[in-house]
Amino acid sequence: MSDDPMIDPDVIAEAVPDATVRVATLDDERTIVEEGAGAGGLVVDVNTPVPERVISQLPHLEIVARAGVGFENIDVKAAAQHGVTVTNVPEYCTDEVATHGVALLLDCVRKVAEYDRATADGEWAWDDGRPIHRFPGTTLGLVSFGPIARRFHDRLRGFDLDVIAYDPYVDADEMAEAGVEKVDFDELLEQADHVSLHAPLTDQTEGLIDADALAAMRDHATLVNTARGGLIDEAALADALQRGDIAAAGLDVRRTEPPAAGDPLRALDNCLVTPHAGWYSVEAREELNRTVGRNLAAAFAGETPPDRIDPDLDWL
């Protein structure tokens with residue numbers, strides 16, 4: 001299993017008492033093949049690459065258990081072809097990420113971190129820097145309308161926002177029942193005062209927010225990303241923030257984590273960055289490890305794990 005600190009080997013061992021649990025740094029394919037030789041299961045984090053060429057070299061493998069929601073680092077279809085089950089933890093940290101997204105959005109709108117940094121430097125000016133606009137009555141655009149996006153929307157209901165969403169896999173009637181209008185991607189960029197990203201990282205969504213998308217957004221718009229760093233062309237975002245093409249960004253995920261020391265986004269007052277912490281609470285970490293253990297136990301018992309990922313999903 002991965003040595004990521006979010007994964008608790010003691011909880012995993014309790015769930016599969018007849019198995020030997022080993023912890024290793026699984027950050028490249030060669031190491032995974034070496035450390036996983038003879039293993040019946042792999043517990044991996046988001047940074048563990050599990051393509052077909054890794055799976056094919058682990059003949060005893062029965063399950064790859066992703067300790068998290070996203071699973072773009074695993075070739076689910078290839079795993080199925082080799083008789084390997086892939087699982088994730090689809091419901092964990094929904095509340096945490098939604099709440100974190102709200103915090104990032106409100107901070108961007110109200111300039112809380114910017115004011116804090118300025119007062120720490122000895123300033124005391126409410127009108128310094130970019131203007132603040134009233135939040136109620138503005139339009140929120142959701143990119144993807146899955147469980148976290150829906151919880152995020154629920155958390156913001158009291159602010160009287162108009163909410164629109166782009167998601168090709170959710171129909172308009174379902175969105176309408178939640179009080180959300182379905183739009184296409186270009187319409188969302190043009191209409192939204194705030195854009196919040198909740199999409200998985202796929203070939204279709206890689207770099208979705210590029211220079212053209214940022215140019216299409218309103219100059220007072222805010223961008224929030226609690227999904228995957230690869231959704232954004234970060235160089236284009238830095239340029240857009242510096243030029244004032246959009247007002248602010250709140251990012252909990254980055255293309256490279258942690259970002260390099262010279263990362264231009266870290267130096268911008270109108271870009272708030274947190275260390276991929278949106279998932280975290282004590283309760284969410286406990287739930288994560290119990291669920292991973294449950295999936296492993298089911299697979300080793302010859303049963304279908306509760307959180308098996310369907311390799312026939314349309315967007316894989």
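Values in this document were obtained by computation on a predicted structure and should not be read as measured data.
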ask   = Would you call T119 and W124 a side-chain contact if the rule is heavy atoms closer than 4.5 Å?
value = yes
key: Expected output: side-chain R66 to main-chain G70 donor-acceptor under 3.5 Å   = yes
task = Mark yes or no for whether K182, through its side chain, and M175, through its backbone, hold a donor-acceptor pair below 3.5 Å.
result = no
query = What are the two closest heavy atoms between R254 and L265, and how far apart are they?
reply = NH2-CD1, 3.3 Å
More than 12 heavy atoms of other groups within 6.0 Å of R53 CZ = no
message = Can a donor-acceptor pair be found, under 3.5 Å and without considering hydrogens, that links the side chain of D193 to the backbone of T138?
response = no
key: Steps toward side-chain contact (heavy atoms from CB on, under 4.5 Å) verdict (L42, I32)   = CA-CA 9 Å; L42 285 177; I32 297 167; 3.9 Å; yes
request  = Determine yes or no for a side-chain-to-main-chain donor-acceptor pair under 3.5 angstrom, with D160 supplying the side chain and P136 the backbone.
outcome  = no
task = Please say whether more than 12 non-hydrogen atoms of neighbouring residues, nucleotides or ligands are located less than 6.0 Å from CZ in R22.
result = no
ask   = Has the side chain of D307 got a donor or acceptor atom that lies under 3.5 Å from a matching backbone atom of T87?
value = no
request  = Could you grab the distance from atom CD of Q81 to atom CD of E52, nearest 0.5 Å is fine?
outcome  = 7.5 Å
query = Are there more than 12 heavy atoms of other residues, nucleotides or ligands under 6.0 Å from atom CZ of R117?
reply = yes
message = Test your reading of the model: is there a side-chain donor-acceptor pair from T205 to the backbone of P200, 3.5 Å cut-off?
response = yes
request  = Report yes or no: do L231 and I246 belong to one cluster of Ile/Leu/Val/Met/Phe/Trp/Tyr joined by side chain heavy-atom distances under 4.5 Å?
outcome  = yes
remark   = Closest non-hydrogen atoms of V86 and A79, given as atom of the first, atom of the second and distance, are CG2-CB, 3.6 Å
message = What I want to find out is whether E174 reaches R150 closely enough, with some N-O distance under 4.0 Å, to be called a salt bridge.
response = yes
message = For A192 versus V195, what's the shortest heavy-atom pair and its separation?
response = CB-CG2, 3.8 Å
message = For the NE2 atom of H100 and the OG atom of S281, what is their distance to the nearest 0.5 Å?
response = 12.5 Å
E190 and R218 ion-paired at < 4.0 Å = no
query = Can you check whether H133 reaches P131 side chain to side chain, under 4.5 Å on heavy atoms?
reply = yes
task = Under the ring pair (Phe, Tyr, Trp, His ring centres under 6.0 Å) rule, collect the residues that match up with Y166, sequence neighbours excluded.
result = F185
query = Can you find a side-chain donor-acceptor pair between T274 and H276 that sits under 3.5 Å?
reply = no
key: Contact summary for F135 and L161, nearest pair of heavy atoms   = O-CD2, 3.3 Å
inquiry  = For T226 and V97: C-alpha separation, side-chain torsions, deciding distance, then whether side-chain contact (heavy atoms from CB on, under 4.5 Å) applies.
reply    = CA-CA 7 Å; T226 54; V97 176; 3.7 Å; yes
message = Let me check something: do M6 and M1 share a hydrophobic cluster, defined by ILVMFWY side-chain heavy atoms less than 4.5 Å apart, either directly or through other members?
response = yes
ask   = What distance do K77 atom NZ and D312 atom CG have between them, rounded to the nearest 0.5 Å?
value = 5.5 Å
query = Are any of the side-chain nitrogens in R151 or D95 under 4.0 Å away from the carboxylate oxygens of its partner?
reply = yes
ask   = A149 and S144: which non-hydrogen atoms are nearest, and at how many Å?
value = CB-O, 3.4 Å
Qualifying residues under ring pair (Phe, Tyr, Trp, His ring centres under 6.0 Å), relative to F300, sequence neighbours excluded = none
query = So how far is it from I309 CD1 to I74 CD1, rounded to the nearest 0.5 Å?
reply = 6.0 Å
query = Is the backbone of D184 close enough, under 3.5 Å, to the side chain of E187 for a donor and an acceptor to pair up by distance?
reply = yes
ask   = For R157, does the CZ atom sit with more than 12 other heavy atoms under 6.0 Å from it, leaving out its own atoms?
value = yes
ask   = Just by modelled atom types, is the D45 backbone N or O under 3.5 Å from a matching donor or acceptor in the N73 side chain?
value = yes
message = Tell me the closest heavy-atom pair linking V102 and F152, and the distance in Å.
response = N-CE1, 3.4 Å
G207 backbone acceptor or donor facing D233 side chain under 3.5 Å = no
query = Rounded to the nearest 0.5 Å, how far does CG of L197 lie from CG of L208?
reply = 7.5 Å
inquiry  = Run L106 and F159 through side-chain contact (heavy atoms from CB on, under 4.5 Å) and show every step you take.
reply    = CA-CA 11 Å; L106 293 178; F159 287 100; 4.1 Å; yes
query = Are the ring centres of H198 and F145 closer than 6.0 Å?
reply = no
query = Would a hydrophobic clustering, with Ile, Leu, Val, Met, Phe, Trp and Tyr connected at side-chain separations under 4.5 Å, put V69 with W279?
reply = yes
message = Test of understanding: clusters of I, L, V, M, F, W, Y form through side-chain heavy atoms closer than 4.5 Å, transitively. Do L140 and L188 belong to the same one?
response = no
key: Single-linkage hydrophobic cluster L201~L237, side-chain heavy atoms < 4.5 angstrom   = yes
inquiry  = I'd like to know if R255 and E206 make a salt bridge, using a cut-off of under 4.0 Å between side-chain N and carboxylate O.
reply    = yes
Working for side-chain contact (heavy atoms from CB on, under 4.5 Å), residues L26 and D3 = CA-CA 7 Å; L26 304 178; D3 63 349; over 6 Å; no
key: Side-chain donor/acceptor of D239 to backbone N/O of Q242, under 3.5 Å   = no
ask   = To the nearest 0.5 Å, how far apart are CG in L241 and CZ in R130?
value = 9.5 Å
